[in-house]
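In what follows, chains are A, B, ... by sequence order, proteins preceding strands, each numbered from 1.
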Protein chains: 2
Amino acid sequence: MRDEVDDLVEAWGRERGDLDLAPVEVFSRISRLARHLDLARRDAFTAHGIESWEFDVLAALRRAGAPYELSPGRLLRETLVTSGTMTNRVDRLTARGLVERLPDPRDRRGVLVRLTLEGKAAVDGAFEALLAAEADLLADLPDRDRTKLAALLRSLLAPFGSPTP
Amino acid sequence: MRDEVDDLVEAWGRERGDLDLAPVEVFSRISRLARHLDLARRDAFTAHGIESWEFDVLAALRRAGAPYELSPGRLLRETLVTSGTMTNRVDRLTARGLVERLPDPRDRRGVLVRLTLEGKAAVDGAFEALLAAEADLLADLPDRDRTKLAALLRSLLAPFGSPTP
DNA sequence: GGGAAGTATCTCGACATCAAGACATATCAC
DNA sequence: GTGATATGTCTTGATGTCGAGATACTTCCC
């Protein structure tokens, strides 16, 4: 089975036969898969009326467990966006009634963002749809290969370290 | 070795133990690796004075082979951006002297974008830097594992088909 | 306690991208 | 040939993100 990257590597090989293109075989595929996944995610979510950036925020709150509250600072570290962006996102999610802002009782500088019941329902539905769509993409891969793939990816990802201190 | 996604899966497992999280083990790692790679790319390129979007365009021209010419339409299919974006990018690359616009001799609606000598030097230097940076990330992975990883990724990517008709 | 430094959040301006439409030229059917 | 449709590129307006700065509160140290 041939893929887009085989073409890419072939073209580079013609032009720069002097270089070792082995890294491209791995990383180009990862980048391209990530792009296709973004589109698949988008599709899965629009069926549930939410967008990818909304899912990112709601999912972080959902994973935190009851009472589904996190500070904006924690949220921006989880989702890797800047503070200005997070303010904007929380504004829009509040307007849609999926989250609400509360004063932080332990720090009067701070705020807590809390999932509403409606937000919890939305993120749970969207997550199930996402898992279903992703499971489809893995349908042809034997369990054994899937496990091996996850392990190899882990060994590449682990050195980057966790972004949540 | 533990990675960010192990934490992620653990958190989801606590909250939604009813779901099969196997797809997350694969696709979350791919998405996160892609993000880290973007940053690594950015670093490798800034040392050579160009930005990631510039590399995407210049590399497409470079891979095409001499005389390093492609139409804007072809470029936007290669780089997956819209036509407005490509117009803007070619404008800026032209201003920097890395590419030039020529009328297409075979179609008077059309234009050809051609790499300048300066552009060719820039993209070649940047590509070598990128390969070096990526090779570093693979340093701890035995050749055999790297090959296996590339093959598994290919089997996921192939069904998406080639974007260049 | 009082002042300095640190932390948390929000505001504002700049910018790259997208989506839709405008315009010019090519291609096809008759 | 002529008209209708398709194609290729550029323009325009809206939007989301980033980065830097502003503001408010807390914490640390003397």
Side-chain angles (χ1 to χ4, degrees), chain A residues 31 34-35 38-39 41-43 45-46 50-58 60-61 64 69-96 98-114 163-165, chain B residues 31 34-35 38-39 41-43 45-46 50-58 60-61 64 69-96 98-114 163-165:
Chain A
S31 291
R35 203 151 38 188
D38 269 353
L39 296 176
R41 254 164 63 105
R42 204 178 309 277
D43 287 349
F45 291 156
T46 46
I50 78 172
E51 297 180 49
S52 294
W53 64 263
E54 292 180 306
F55 180 80
D56 289 340
V57 177
L58 298 177
L61 293 168
E69 290 173 353
L70 289 175
S71 69
R74 179 74 189 280
L75 280 173
L76 61 90
R77 280 187 294 275
E78 294 266 344
T79 60
L80 302 179
V81 298
T82 61
S83 63
T85 299
M86 188 51 69
T87 298
N88 183 5
R89 289 184 173 186
V90 173
D91 285 349
R92 284 179 286 161
L93 286 168
T94 302
R96 287 200 51 190
L98 301 177
V99 306
E100 54 193 349
R101 256 189 262 247
L102 329 167
D104 184 338
R106 316 159 84 94
D107 185 338
R108 278 196 301 179
R109 293 169 303 181
V111 174
L112 289 177
V113 180
R114 179 197 288 167
T164 44
Chain B
S31 290
R35 203 150 41 189
D38 268 353
L39 296 175
R41 253 165 64 105
R42 204 179 309 278
D43 287 349
F45 290 155
T46 46
I50 76 173
E51 298 180 48
S52 294
W53 64 264
E54 293 179 305
F55 179 81
D56 289 341
V57 177
L58 299 177
L61 294 167
E69 290 174 353
L70 290 175
S71 69
R74 180 74 189 281
L75 280 173
L76 62 90
R77 280 187 293 275
E78 294 266 343
T79 58
L80 302 180
V81 298
T82 61
S83 63
T85 300
M86 189 51 68
T87 298
N88 183 5
R89 287 185 174 186
V90 174
D91 284 350
R92 284 179 287 162
L93 286 168
T94 302
R96 288 200 52 188
L98 301 178
V99 306
E100 55 193 349
R101 257 191 261 247
L102 327 167
D104 184 338
R106 316 158 86 94
D107 185 338
R108 278 195 302 178
R109 292 170 303 181
V111 174
L112 289 176
V113 181
R114 180 196 290 167
T164 43

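- Taking OG1 of B:Thr87 as the reference point, atom CG of B:Leu76 lies at 8.5 Å (rounded to 0.5 Å).
- Contacts of B:Gly73 with the nucleic acid, taken as non-hydrogen atoms under 4.0 Å apart, involve only primed sugar atoms and P, OP1 or OP2.
- Put simply, CG on B:Asn88 is 16 Å from P on D:dG13, counting in whole angstrom units.
- Dashed line: the shortest gap from a side-chain N or O of B:Arg101 to OP1 or OP2 of D:dT9 is not under 4.0 Å.
- Atom CG in B:Asp104 sits roughly 13 Å away from atom C1' in D:dT7 (whole-Å rounding).
- Between B:Glu54 atom CD and C:dA16 atom C1' there is a gap of 13 Å when expressed in whole angstrom units.
- Look at CD on B:Glu51: it is 10 Å from C1' on C:dA16, rounded to the nearest Å.
- For the pair B:Arg77 and D:dT7, the criterion of a side-chain N or O lying under 4.0 Å from OP1 or OP2 is not met.
- Below the 3.5 angstrom threshold, one finds no donor paired with an acceptor across the side chain of B:Arg108 and the base of C:dT25.
- Here B:Asp107 lies in heavy-atom contact (under 4.0 Å) with sugar-phosphate atoms only.
- Applying the 4.0 Å criterion to OP1 and OP2 of C:dC10, one finds that A:Thr87 has a side-chain N or O inside that range.
- Of the candidates C:dT17, D:dT17, C:dC10, C:dT17 carries the atom nearest the B:Trp53 side chain, counting heavy atoms from C-beta on.
- Nearest-nucleotide positions on DNA chain C for B:Val81 and A:Ser71 put A:Ser71 closer to the 5' end.
- Heavy-atom nearest nucleotides on DNA chain C were determined for B:Ser83 and for B:Arg92, and the one closer to the 5' end corresponds to B:Arg92.
- Residue side chain A:Thr85 does not reach the base of D:dC18 through any donor-acceptor N/O pair under 3.5 Å, judged by distance alone.
- Shown here is A:Arg108, whose CZ atom has no more than 12 heavy atoms of other residues, nucleotides or ligands within 6.0 Å.
- The side chain of B:Arg106 contributes no N or O atom lying less than 4.0 Å from OP1 or OP2 of C:dA26.
- One donor-acceptor pair, N or O on each side, does fall under 3.5 Å between the base of C:dT7 and the side chain of A:Arg109.
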